[in-house]
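Small disclaimer: the values here were computed from a predicted structure and weren't measured. Numbered from 1 within each chain, the chains take letters A, B, ... in sequence-line order.
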2 protein chains.
Amino acid sequence: MYSSANVSERQGQAPSLAISTVIFALRTDAASDRSEIWLPLVRRIRQPHLGRWALPGGPLDGRESLQDAAARNLRETTGLEPTYLEQLYAFGGLDRSATQRLVSIVYWALVRPDQADLAQESENVRWFRASDVVGLAFDHDEIVAYALERLRGKIEYGSVAYHFLGDRFTLAQLRGVYEAVLGRHLDPANFRRQLRSAKDIAATDEVLQGGRNRPPRLYRYTGPHAGRPPS
Amino acid sequence: MYSSANVSERQGQAPSLAISTVIFALRTDAASDRSEIWLPLVRRIRQPHLGRWALPGGPLDGRESLQDAAARNLRETTGLEPTYLEQLYAFGGLDRSATQRLVSIVYWALVRPDQADLAQESENVRWFRASDVVGLAFDHDEIVAYALERLRGKIEYGSVAYHFLGDRFTLAQLRGVYEAVLGRHLDPANFRRQLRSAKDIAATDEVLQGGRNRPPRLYRYTGPHAGRPPS
DNA sequence: CTTGTTAGAGTCAGGATGACTATAACTCAT
DNA sequence: ATGAGTTATAGTCATCCTGACTCTAACAAG
C-alpha cells in the first residue's frame with residue numbers, strides 16, 4: 001500500500017495546489033492529408049497512478065505566477081515556448097486523488113506544427129491523438145474532453161485558430177484547422193469569403209510554390225498575438 | 001506592523017488557497033424605474049486592508065469542494081441559496097497580497113430580486129451598485145470588472161439572464177435585465193421576436209395585473225436551472 | 001370618453017449564410 | 001505537347017437574421 005491516508009485523516013489538511021497544462025498541436029496525417037489535434041502526455045513515475053499517462057504538471061511553486069508555472073510545464077515537457085496560453089479551469093473535486101486533497105488549476109496551450117515537430121519524445125513523453133486519449137491518470141480524461149470542448153467554442157468566435165499555424169499560411173491550411181477542431185467539412189469558397197471580411201487577416205504578395213496544383217496565396221495574421229486574461 | 005513577512009521569506013512557502021464569490025443581483029431603481037446590477041461586499045475585520053470592502057470569501061476548507069465553498073460564501077453573507085453559481089477564474093499573481101502568496105479561485109453567482117430583498121445588511125455587509133465599486137481590498141476591483149465583462153459575454157450567448165428573475169416574468173422585465181447588463185437600449189418589438197424563437201422560454205396563460213397599462217403576459221423559463229460545469 | 005402608455009404583431013431593407021456553378025492556374029501522365 | 005485531374009478563387013442565388021420602423025390592442029387616469 002503506497003499510502004495509508006484516508007478521507008477522515010486528511011480532512012483537516014490544507015488542499016495541495018498544482019498546475020497542469022493541456023498542450024494542443026496540429027499534425028497533418030500523411031495518409032489522408034487531413035489535419036488532426038494531438039497532445040503530449042507524460043508517464044507518471046510515482047504513485048498514485050504509477051506508469052499511467054497524465055497531463056504535464058506539478059505542484060505550484062511559491063515563486064511562480066500561475067501562468068509562469070503553466071509555461072514551465074510546456075517548456076519542460078516539449079522544449080517549446082508558449083505562443084498561446086490561457087487558463088482553462090480550476091478542478092477541485094473531493095475525490096480527484098486517492099492520496100490527498102488536490103486542487104489543479106489547468107491551462108491550455110496551442111503550438112504550431114513546426115514547433116511540434118521539434119518537440120522531443122522520450123520514454124516518458126509521448127504524443128497522442130486527442131480523439132484517442134482514454135485511461136489517463138486522475139480525472140485527466142475529463143479535463144482533456146473539457147479542453148477540447150472549450151477549443152471548439154473558442155474557434156468559432158475568436159482568433160485562436162491562427163495560433164496553430166506559422167506566420168504565413170494558406171487559406172486551405174487555416175480551413176484544415178477549423179475542420180480538425182470542429183470535426184466537419186467546410187465549403188472552401190464560403191470559408192474564403194468569411195475570412196476576407198475578418199479584419200485581422202491580411203493577404204501577402206507571396207504564393208506557396210511546390211504543390212501539385214495551382215499555387216495558393218499566403219496570408220498573415222495581424223491581430224493580438226497571445227491570450228492572457230487577468231493574473 | 002501587522003506582519004514581517006517579505007518576498008524572500010515566503011518564497012519557499014506553499015501558496016494559500018482561498019475561494020471568493022462575486023454575487024450579482026438585480027435591483028430596480030425606484031426613480032428611473034430601470035434595472036441595475038448590485039452586489040454585496042463585506043468589510044474586512046483584519047489586516048491586511050482592515051476596514052476596506054472586499055468580496056465575500058475565505059480559505060478553502062479541506063472538506064469542501066470549490067463549488068460548495070462558494071455556495072457557503074453566498075449563504076453566509078446574504079443568507080441565500082444559490083440558483084446560479086459558476087467558476088469565474090483563478091487569480092494567482094505574485095503581488096495580490098502584501099502578507100502572503102495567495103491564490104483565489106473566484107466564483108460568480110446570480111440571485112433574483114425577491115431573494116436580494118431578503119438578504120440581510122449589517123455593519124459589515126452592504127450592497128453596492130456594480131458600476132460604483134472602486135477602492136476594494138486586494139485586486140478585487142479588477143475581479144469585479146472581469147466578472148462584469150464575463151456576465152456581458154454570457155448574456156448574449158446563453159441562458160443566464162433568466163436566473164436574475166423569478167419563475168414568472170414579463171418580457172419587459174427580461175429586457176430590463178439585458179439592458180442593465182449590456183448597458184444599452186433594446187427595441188421591445190425585436191426583443192420579443194428573438195425570444196419567441198428561443199426554445200427554453202414558454203408563455204404562460206397568466207398576465208400581470210395591477211400595472212397602469214395593458215397587462216403583459218407572464219413567461220416561464222424551462223431550460224436547465226443551474227450552471228455547473230466540471231468539478 | 002379622451003389621452004397617455006405599454007403590449008404585441010407586422011413590414012421592409014440590408015447583411016450574413018449555405019449550396020452551388022464557373023473559371024483560372026498549376027502538375028502529371030500519356 | 002496535350003489532355004486529365006486537382007485546387008484556387010470568383011461569383012450567383014435563395015434563405016435567414018437583424019435593426020429600424022409602423023400600426024393596432026388593451027389597459028389606467030383624468
Side-chain angles (χ1 to χ4, degrees), chain A residues 28-35 152-153 155-159 161 165 168-220, chain B residues 28-35 152-153 155-159 161 165 168-220:
Chain A
T28 306
D29 183 43
S32 74
D33 199 47
R34 291 173 51 174
S35 295
R152 274 188 280 271
I155 205 169
E156 294 179 330
Y157 182 73
S159 54
L165 299 171
R168 306 279 155 120
F169 50 86
T170 70
L171 291 186
Q173 289 170 335
L174 185 59
R175 182 166 50 87
V177 176
Y178 276 81
E179 290 180 342
V181 171
L182 298 177
R184 68 164 187 266
H185 173 76
L186 299 175
D187 183 88
N190 293 338
F191 185 78
R192 167 181 312 275
R193 182 180 53 193
Q194 286 181 336
L195 290 203
R196 278 194 329 197
S197 58
K199 245 341 176 194
D200 45 0
I201 183 169
T204 70
D205 50 2
E206 307 168 58
V207 293
L208 179 62
Q209 302 284 359
R212 73 185 105 251
N213 306 310
R214 170 173 172 177
R217 183 171 298 275
L218 287 169
Y219 289 81
R220 213 159 38 84
Chain B
T28 306
D29 182 43
S32 73
D33 200 46
R34 291 173 52 174
S35 296
R152 274 187 281 270
I155 206 170
E156 295 179 329
Y157 184 74
S159 53
L165 299 172
R168 306 278 155 119
F169 51 86
T170 70
L171 291 186
Q173 288 170 335
L174 186 58
R175 183 166 50 87
V177 177
Y178 277 79
E179 290 181 339
V181 171
L182 298 177
R184 67 163 187 267
H185 173 76
L186 299 174
D187 183 89
N190 293 337
F191 185 79
R192 166 182 312 276
R193 181 180 55 193
Q194 286 180 336
L195 289 206
R196 276 194 330 197
S197 58
K199 245 339 175 196
D200 45 0
I201 182 169
T204 69
D205 50 1
E206 307 169 56
V207 293
L208 179 63
Q209 301 285 359
R212 74 184 105 252
N213 305 311
R214 171 174 171 176
R217 182 170 298 275
L218 287 171
Y219 288 82
R220 213 158 37 84

Taking OP1 and OP2 of D:dT9, is either one under 4.0 Å from a side-chain nitrogen or oxygen of A:R192? yes

Quick check: does any side chain N or O of B:T204 sit under 3.5 Å from a backbone N or O of B:L218, one acting as donor and the other as acceptor? yes

In whole Å, what is the span from the CD atom of B:Q209 to the P atom of D:dC27? 8 Å

In whole angstrom, give the distance that lies between atom CD of B:E206 and atom P of C:dA7. 17 Å

With side chains defined as the heavy atoms from C-beta onward, is the minimum distance between A:R168 and A:L208 less than 4.5 Å? no

Distance check needed: C:dT17 P versus A:L182 CG, whole Å only. 14 Å

Closest of D:dT9, C:dC26, C:dG8 to the B:P216 side chain is C:dG8

To the nearest angstrom, how far is A:L208 atom CG from C:dC26 atom P? 13 Å

May I have the distance from B:H185 (atom NE2) to C:dT6 (atom P), rounded to whole angstrom? 11 Å

Over how many whole Å does the gap from A:L171 atom CG to D:dA10 atom C1' extend? 13 Å

By the 4.0 Å heavy-atom rule, please label B:R193 as base, sugar-phosphate, or nothing. base

Of B:D187 and B:A172, whose closest DNA chain C nucleotide lies nearer the 5' terminus? B:A172

Among C:dT27, C:dC26, C:dG8, the one nearest any side-chain atom of A:P215 is C:dC26

How long is the line joining CG of B:L186 and C1' of C:dT6, in whole Å? 16 Å

Over all atoms of both residues, closest heavy-atom pair of A:Y178 and A:I155: CE2-O, 3.5 Å

Can you confirm whether A:E156 sits close enough to A:L182 that some side-chain heavy atom of one is under 4.5 Å from a side-chain heavy atom of the other? yes

Considering only side-chain heavy atoms of B:N213, which listed nucleotide, D:dT9, C:dG4, D:dA25, is closest? C:dG4

Given C:dG18, D:dT7, D:dA20, identify the nucleotide with an atom nearest to the side chain of B:N190. D:dA20

I need the CD-C1' distance between B:Q173 and C:dG8, as an integer number of Å. 16 Å

Can any side-chain N or O of A:E179 pair as donor or acceptor with the backbone N or O of A:L186 at less than 3.5 Å? yes

Side chain of B:Q194, heavy atoms from C-beta onward: which of D:dG19, D:dT7, C:dA9 has the nearest atom to it? D:dG19

So what does B:A189 touch, heavy atoms closer than 4.0 Å: a base, only the sugar-phosphate, or nothing? base

Given that B:G211 and B:R214 both sit by DNA chain D, which one's nearest nucleotide is further toward the 5' end? B:R214

